[in-house]
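Below: the structure, in structure tokens.
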Amino acid sequence: MLQQTPVVRVIPRLAEWLERWPTPASLAAEPSGEAVRAWDRLGYPRRALNLHAAAVAITDRHGGVVPSDVPSLLALPGVGDYTARAVSVFAFGERHPVVDVNTRRVIARAITGNGEPGPAHKRDLADMEAILPESDRDAQLANIAFMELGALVCTARSPRCDVCPIVEACAWRNAGYPEFAGKRAPTQKKFAGSDRQVRGLIMAELRASEVPVTLAEIDGVWPDDVQRARALAGLLADGLVVSVPGGFELPS
DNA sequence: TATCCGTGGAG
DNA sequence: TCTCCAAGGAT
């Protein structure tokens, strides 16, 4: 849920989710479409599909117990470098670098002296490893500290250097806050009018219905025939929508 | 590697 | 209004 989604938006949804599905097996026992429906408007609904698939994999391959080692976690659908290490470190206390947008920004500023982290890179893991304390517990605390510092103090927009605990050691600050010169991640495309928006509208229609949604109803969510067809085809290809007699519905 | 994939709050 | 950007991952 936290992948590319602000923490404050995740918290209430997570609470509902865990009340309904307290274990991987309980989620795995339901149709994947129920996960997509409960995902509601969190965004990137493929994550709901992945989470359900991960619950199935954990139930099948790991006896319903979430694995603690990074390779096993990485093998789960929708789990990448960040999520695998976050679970291993924060839930199980293993020692790994946890690299997310926050830790990358803190390292970029405090250590490298750049105002922005630039696009994510495989090398980020080694950069984080290089400054990680030796013991499991201290490494865990360091990971937490870097993430919290980036999320609450060393923010992207307007960093609160006046309350930063490491401001005197910050390379970016000590260099006089130079303008970022490196290459940055490509800017997101406009959402309004995008395929993403159309996909979202179609998904909202399906989530709201307990019976198959007709093609005529889907036609009503967006005026551009070509774009609407492309969005629907994409959703079908992604497995977020399935075709049934009489229309379309969430997967089972 | 670049692009695609939602949604909504903040400035 | 409009832009930015958020505990990323898959292809």
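Given the structure is predicted, the values throughout are model-derived calculations rather than measurements. Protein chains get the first letters and strands the later ones, always in sequence-line order, with residue 1 at the start of each.
Heavy atoms of Gln197(A) sit nowhere under 4.0 angstrom from any nucleic acid atom. Residue-level contact check: Glu116(A) touches neither bases nor backbone, having no heavy atom under 4.0 Å from any strand. Among the heavy atoms of the strands lying under 4.0 Å from Gly80(A) are primed sugar atoms or P, OP1, OP2 only; no base atom is included. Residue Thr83(A) is classed as a sugar-phosphate contact, given heavy-atom separations below 4.0 Å to backbone atoms only. Residue contacts shown for Val79(A) are limited to sugar-phosphate atoms, with no base heavy atom under 4.0 Å away. Across all strands, Arg41(A) comes closer than 4.0 Å only to sugar-phosphate atoms, never to a base (heavy-atom distances). Using a 4.0 Å heavy-atom cutoff across all strands shown, Ala86(A) reaches no nucleic acid atom at all. Across all strands shown, Asp81(A) has heavy atoms under 4.0 Å from sugar-phosphate atoms exclusively, and none from any base. Heavy atoms of Pro119(A) sit nowhere under 4.0 angstrom from any nucleic acid atom.
When the P atom is compared between dC4(B) and dA7(C), the two are found 23 Å apart, to the nearest whole Å. Across dA10(C) and dG8(B), the matching C1' atoms stand 24 Å from one another, rounded to whole Å.
Per the geometry, CZ belonging to Phe180(A) stands 15 Å off P belonging to dC4(C), to the nearest Å. Regarding Gln188(A), its CD atom lies at a distance of 12 Å from the P atom of dG8(C), rounded to whole Å. Across the protein-nucleic acid pair, Arg46(A) atom CZ and dG9(C) atom P stand 13 Å apart, rounded to whole Å. Remark: P of dG9(B) and CZ of Arg13(A) are 13 Å apart, rounded to the nearest angstrom. Counting to the nearest Å, the P atom of dG8(B) and the CE atom of Met1(A) are 15 Å from each other. Going from atom CG of Asp238(A) over to atom P of dC4(B) covers 14 Å, rounded to whole Å. Rounded to whole Å, atom P of dG6(B) lies 10 Å from atom CG of Asp195(A).
Between Leu240(A) and Ile202(A) the shortest side-chain heavy-atom distance does not fall below 4.5 Å. With contacts defined as side-chain heavy-atom distances shorter than 4.5 Å, the pair Ile58(A)/Pro67(A) qualifies.
Taking side-chain N and O atoms only, Arg9(A) has no distance below 4.0 Å to OP1 or OP2 of dT7(B). Taking 4.0 angstrom as the limit, Gln4(A) places a side-chain polar atom (N or O) nearer than this to OP1 or OP2 of dG8(C). OP1 and OP2 of dC2(C) both lie 4.0 Å or more from every side-chain N or O belonging to Lys190(A). Remark: Thr5(A) is not in phosphate contact with dG6(B), judged by side-chain N or O atoms under 4.0 Å from OP1 or OP2. Between dG6(B) and Arg199(A), a contact under 4.0 Å exists linking OP1 or OP2 to a side-chain N or O.
Comparing His121(A) and Leu42(A) along DNA chain B, the residue whose closest nucleotide (by nearest heavy atom) sits nearer the 5' end is His121(A).
A donor-acceptor pair is defined here as one N or O able to donate and one able to accept, closer than 3.5 Å; no such pair exists between the side chain of Asn174(A) and the backbone of Ala171(A).
Across every non-hydrogen atom of Ala55(A) and Leu27(A), the tightest pair is CB-CD2, 3.8 Å.
How far OH of Tyr44(A) is from CH2 of Trp39(A): 12.5 Å, rounded to the nearest 0.5 Å.
When each of dT3(C), dA6(C), dG9(C) is scored by its nearest atom to the side-chain atoms of Gln3(A), the top-ranked nucleotide is dG9(C). Distances were taken from every side-chain heavy atom of Tyr44(A) (C-beta onward) to each of dA7(C), dG9(B), dG8(C); the shortest belongs to dG8(C). The side chain of Arg105(A) lies closest to dA6(C) when the candidates are dA7(C), dA6(C), dG9(C). Of the candidates dA6(C), dC4(B), dG8(C), dC4(B) carries the atom nearest the Lys189(A) side chain, counting heavy atoms from C-beta on. Side chain of Pro6(A), nearest nucleotide from dG8(C), dC5(C), dA6(C): dA6(C).
The pair Arg104(A)-Asp127(A) does not meet the salt-bridge criterion, since no charged nitrogen lies less than 4.0 angstrom from a carboxylate oxygen.
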